[in-house]
Amino acid sequence: MASDQIVLLTGAGLSAESGIGTFRGQGGLWENHDLEEVATPEGFARNPTKVHEFYNKRRVSLADARPNAAHFALAKLEHSHPGDVLLVTQNIDPLHEEAGSESLIHMHGELARALCGSCGASHVWTENLFLTTHCPACGKSGYMRPDVVWFGEMPRQMERIYEALARCDLFVSIGTSGTVYPAAGFVEEARRAGAHTVELNLEPSEGASQFIETLYGPATEIVPAYVETLLGN
């Protein structure tokens, strides 16, 4: 079907084939970690060293990760589709950018950035963070944290996302479990706008019944094939 306004939502399943672990399920990052301790403002306040250690390990893992065929396919869609394409990702890795995506919102922040809790400045950051790390902007130490959205915090650019959902005619959810809100509710917003809704996933998500069209399998196989169909190839 022809679509003028496309909104794409991607989750951890898209990057799993690039070697970046998902957070839920068997072998997920939360299996051996208490999210209350490493992914909340309260956990950071109680034990910032533990939180820094957790995210420092995640940041190091980015060095070996590369975009896969699904990332490249979505970038191709953005640059080849004659209409508007907005990619909203729950992932905090930089693989979409490395694949060439430009119309992109990191609603949960970015692991390769650091945020100062004192002055609010955000910086590109590829090194480890410590309690003693100084903010390059204000010079204070003890306030630097990963520039990611923790549980209990507001995701980024929500107004822009909801505006795009309200006018889209195609919404595609890719590699997401459908359990984390507000992203899990995006399909409802798109349906309310009259959009065709599609789920591309390894297996049905919790909200699979809300999608008009579904396709299941490895992201590196089904996403490129779906993109080619959209582009009429």
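Since we're looking at a predicted model, the values are computed, not measured. Each residue takes its place number in the sequence, starting with 1.
Looking at H71, its side chain does come within 3.5 Å of a backbone N or O of N68 through a donor-acceptor pair. Remark: the backbone N or O of G11 is paired with a side-chain donor or acceptor of N91 at under 3.5 angstrom. In terms of modelled atom types and a separation under 3.5 Å, the side chain of E17 and the main chain of T220 share a donor-acceptor contact. In this structure a side-chain-to-backbone donor-acceptor pair under 3.5 Å is missing from Q210 to V187. No donor-acceptor pair under 3.5 Å is formed between the side chain of R66 and the backbone N or O of S18.
Among all heavy-atom pairs drawn from H108 and Q90, the shortest one is ND1-O, 3.2 Å. Residue S3 comes nearest to D169 through the heavy atom pair CB-OD1, 3.3 Å, listed as atom of the first residue, atom of the second, then distance. Counting all heavy atoms, side chain and backbone alike, A208 lies closest to P204 at CB-CB, 3.9 Å. Pairing each heavy atom of A195 with each of C168, the nearest pair is CB-O, 3.5 Å. Closest heavy-atom contact between A219 and G13: CB-O, 4.2 Å. Contact detail for F72 and P67: the closest heavy-atom pair is CE1-O, 3.6 Å.
Counting heavy atoms from C-beta outward, W125 and P136 have side chains that approach closer than 4.5 Å. With contacts defined as side-chain heavy-atom distances shorter than 4.5 Å, the pair R156/D147 qualifies. By the 4.5 Å heavy-atom criterion applied to side chains, V198 and L215 are not counted as neighbours. Side chains of L77 and L8 form a contact here, defined as non-hydrogen atoms less than 4.5 Å apart. Residues R46 and E37 meet the side-chain proximity criterion, which asks for heavy atoms closer than 4.5 Å. Under the 4.5 Å side-chain criterion, counting only non-hydrogen atoms from C-beta, S173 is not in contact with S205. Within the 4.5 Å cutoff, the side chain of H106 has no heavy atoms near those of the H96 side chain. Taking the side chain as every heavy atom from C-beta outward, E127 and T133 never approach each other to under 4.5 Å.
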Q: Please test R192 against E189 for salt bridge (charged side-chain N to carboxylate O under 4.0 Å, His left out), starting from the C-alpha separation and ending with a verdict.
A: CA-CA 5 Å; R192 193 173 295 120; E189 297 291 329; 3.1 Å; yes
(Q) Does S141 form a side chain to side chain donor-acceptor pair (under 3.5 Å) with T132? I'd like the steps, not just the answer. (A) CA-CA 5 Å; S141 62; T132 54; over 6 Å; no
Q: Show the numbers, then the answer: is there a side chain to side chain contact (heavy atoms under 4.5 Å, CB included) between C135 and S118?
A: CA-CA 9 Å; C135 171; S118 178; over 6 Å; no
Q | Worked verdict on Y226 versus V172 for side chain to side chain contact (heavy atoms under 4.5 Å, CB included) | A | CA-CA 10 Å; Y226 184 75; V172 188; 4.1 Å; yes
Q: List the steps, then state whether side chain to side chain donor-acceptor pair (under 3.5 Å) holds for D84 with Q5.
A: CA-CA 5 Å; D84 292 331; Q5 307 283 335; 3.3 Å; yes
Q.
For E78 and S103: C-alpha separation, side-chain torsions, deciding distance, then whether side chain to side chain donor-acceptor pair (under 3.5 Å) applies.
A. CA-CA 8 Å; E78 176 190 331; S103 180; 5.1 Å; no
Q: List the steps, then state whether side chain to side chain contact (heavy atoms under 4.5 Å, CB included) holds for L74 with L14.
A: CA-CA 11 Å; L74 296 181; L14 190 78; 4.0 Å; yes
Q: Please test L202 against I222 for side chain to side chain contact (heavy atoms under 4.5 Å, CB included), starting from the C-alpha separation and ending with a verdict.
A: CA-CA 9 Å; L202 185 61; I222 64 173; over 6 Å; no
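Taking CD1 of I6 as the start and CG of L87 as the end, the distance is 11.0 Å to the nearest 0.5 Å. Summarising the geometry, atom CE belonging to M107 is positioned 13.0 Å from atom CD1 belonging to I92; distances are rounded to the nearest 0.5 Å. Here the CZ atom belonging to R59 is positioned 6.5 Å from the CG atom belonging to N128, to the nearest 0.5 angstrom. Residue F130 holds its CZ atom at 12.5 Å from CE of M144, rounded to the nearest 0.5 Å. Taken from CG in L129 to OG1 in T49, the straight-line distance is 11.5 Å, to the nearest 0.5 Å. To the nearest 0.5 Å, the span separating CG on L62 from CG on L111 amounts to 5.0 Å.
A single hydrophobic cluster is not seen to contain both L115 and F44; linkage of ILVMFWY side chains at heavy-atom distances under 4.5 Å, directly or through other members, places them apart. Taken together through direct or relayed side-chain contacts under 4.5 Å among Ile, Leu, Val, Met, Phe, Trp and Tyr, L86 and L95 form parts of separate hydrophobic clusters. Note on M158 and V88: same hydrophobic cluster, where clusters join Ile, Leu, Val, Met, Phe, Trp and Tyr whose side-chain heavy atoms are under 4.5 Å apart, directly or indirectly. Clustering ILVMFWY residues whenever any of their side-chain heavy atoms sit less than 4.5 angstrom apart, transitively, puts L9 in the very cluster that holds F211. Cluster annotation: V227 is connected to V85 through the hydrophobic network of ILVMFWY side chains, with a link wherever side-chain heavy atoms come within less than 4.5 Å.
F186 and Y162 have perpendicular rings, their planes meeting at more than 60° on a 0 to 90° scale where under 30° would count as parallel. Ring geometry for Y55 versus W150: interplanar angle of 30 to 60°, hence tilted.
When the side-chain contact (heavy atoms from CB on, under 4.5 Å) test is applied to I212, the partners found at least two apart in sequence or on another chain are R191, H196, T197. With sequence neighbours left out, N47 forms a side chain to side chain donor-acceptor pair (under 3.5 Å) with no residue at all.
In this structure, R58 is positioned above the aromatic face of F54, its NZ or CZ under 6.0 Å from the six-membered ring centre and within 45° of the axis.
Salt-bridge check for E153 with R145: passed, with a basic side-chain N closer than 4.0 Å to an acidic carboxylate O.
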